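Below you'll find the structure, written out as structure tokens, and then a few comments.
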Amino acid sequence: MSSAPQAPPPRSTYRHGDLRRALLDAGVELARAGGPEAVVLRVATRRAGVAPNAAYRHFDSRQALLYAVRSVALAAVARAMEAELAAIPPDLPPPEFARANVRAVGISYLRFAQAESGLFRTAFGPSDDLKEGIQGAPANVERKGQSGLDPFELLGVAIDKLVSAGVLPPGRRPGAEFLAWSAVHGLAMLVIDGPLGQILGPRMQQIGERLVQMVEKGLCEK
């Protein structure tokens, strides 16, 4: 299994004209260490080695910086999913290939939540940012993976494959991604922020795989 891709490390210096990147890198590291609450514009400017006023040319508020950091975090989740999807043998029969796609998306999501809990919280914390991908508003390319898709879109494509392979009845397709996402996200949060972290311990991967299999079978049950 592939590990979750890492977001870019912070820079100790920045080139002239590249202050925005330096501030964003600092914000990503703050999020990695402490989640969305840790993303503070003043702290990011201090890490970038500039006066606070200099930051406002690129991020006019903490929310603007947090939005950009969230996009980086979402792109990292998407790349983790893409890496897991790329490991699926392409010569599987279409029904099994489709099922494997759904499982890969779910497993990589859970693995990222454990490995990068701060970025995971930032990507999926309280916000209306995700309405872009869900409601069809103009897409933010910064939150997408190499495929040009964000995590929610990758899940949708995986579920569409179930329909194309004849595994998922078309009548059961509407809203399926919300059901799958809710189940897997629930386990992720119970582990990283709830009581299951210490209880599951090293069994997290095993339990996660069973949950994803349960979700996949539940979606396809006629």
Side-chain angles (χ1 to χ4, degrees), residues 2-11 20-45 47-48 55 58-86 104-135 137-158 177 180-182 184-194 197 204 208:
S2 55
S3 58
Q6 300 292 308
R11 301 180 185 182
R20 184 184 188 279
R21 183 74 249 179
L23 290 168
L24 182 55
D25 288 348
V28 168
E29 288 307 308
L30 290 170
R32 170 175 282 125
E37 296 81 7
V39 180
V40 178
L41 188 55
R42 183 173 294 274
V43 177
T45 58
R47 288 197 173 196
H58 303 280
F59 300 105
D60 60 8
S61 66
R62 173 190 179 271
Q63 191 61 33
L65 176 61
L66 179 58
Y67 183 88
V69 171
R70 177 170 286 122
S71 294
V72 172
L74 284 163
V77 177
R79 291 194 301 272
M81 290 179 172
E82 291 166 346
E84 197 76 23
L85 289 165
V105 168
I107 290 299
S108 56
Y109 189 88
L110 290 170
R111 186 178 293 115
F112 188 94
Q114 260 197 313
E116 291 281 11
S117 58
L119 290 181
F120 183 84
R121 293 187 188 97
T122 303
F124 301 108
S127 170
D128 64 355
D129 293 353
L130 288 178
K131 68 183 181 181
E132 293 183 351
I134 293 174
Q135 297 180 354
N140 181 343
V141 297
E142 293 181 343
R143 63 183 54 188
K144 298 177 184 293
Q146 295 296 319
S147 64
L149 302 176
D150 64 29
F152 184 77
E153 292 167 336
L154 286 166
L155 172 59
V157 168
E177 55 267 77
W181 190 4
S182 298
V184 177
H185 186 78
L187 177 61
M189 295 307 297
L190 285 169
V191 169
I192 67 174
D193 279 340
M204 168 57 187

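Being a predicted model, the structure only gives us computed values, none of them experimental.
Between the side chain of Ser117 and the main chain of Gln114, no donor-acceptor pair closer than 3.5 Å is present. For Thr122 (side chain) and Gly118 (main-chain N/O), a donor-acceptor pair under 3.5 Å exists by modelled atom type. Glu153 places a side-chain N or O within 3.5 Å of a backbone atom of Asp150 that can act as its donor or acceptor partner.
Between Leu119 and Ala73 the shortest heavy-atom distance is O-CB, 3.5 Å. When all heavy atoms of Leu155 and Ala180 are compared, the pair lying nearest together is CD1-CB, 4.4 Å. Scanning all heavy atoms of the two residues, the minimum distance from Val39 to Ala31 falls at CG2-CB, 3.8 Å. Contact record, Ala38 with Leu30: CB-O, 3.4 Å, taken as the closest heavy-atom pair. Here the closest heavy-atom approach between residue Arg47 and residue Ala26 is recorded as CB-CB, 3.9 Å. Of all the heavy atoms in Leu24 and Leu65, the pair that sits closest is CA-CD1, 4.4 Å.
In this structure the side chain of Leu110 reaches within 4.5 angstrom of the side chain of Met204, judged on heavy atoms. Side-chain contact check for Ser61 versus Leu41: every heavy-atom pair is 4.5 Å or farther apart. Residues Arg42 and Arg62 fail the side-chain proximity criterion, which asks for heavy atoms closer than 4.5 Å.
Residues forming a side-chain contact (heavy atoms from CB on, under 4.5 Å) with Gln146 (at least two apart in sequence, or on another chain): Arg79, Glu82.
A salt bridge links Arg32 with Glu116: the closest approach of a Lys/Arg side-chain nitrogen to an acidic carboxylate oxygen falls below 4.0 angstrom. A salt bridge links Arg121 to Asp193: at least one charged side-chain nitrogen sits closer than 4.0 Å to a carboxylate oxygen.
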- Task: Decide side-chain contact (heavy atoms from CB on, under 4.5 Å) for Met81 and Val105; before the verdict, give the C-alpha distance in whole Å, the side-chain angles of both, and the deciding distance to 0.1 Å.
- Result: CA-CA 5 Å; Met81 290 179 172; Val105 168; 3.8 Å; yes
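Figure legend: Arg143 and Tyr67 shown as a cation-pi pair, the cationic atom lying under 6.0 angstrom from the six-membered ring centre and within 45 degrees of its axis.
For Phe124 and Tyr109, the ring centers are positioned less than 6.0 Å apart.
Summarising the geometry, atom CZ belonging to Phe120 is positioned 10.0 Å from atom CG belonging to Leu74; distances are rounded to the nearest 0.5 Å. We find the OG-CG distance between Ser182 and Leu187 to be 13.0 Å, quoted to the nearest 0.5 Å. The CG atom of Leu85 lies 8.5 Å from the OG atom of Ser147; values are rounded to the nearest 0.5 Å.
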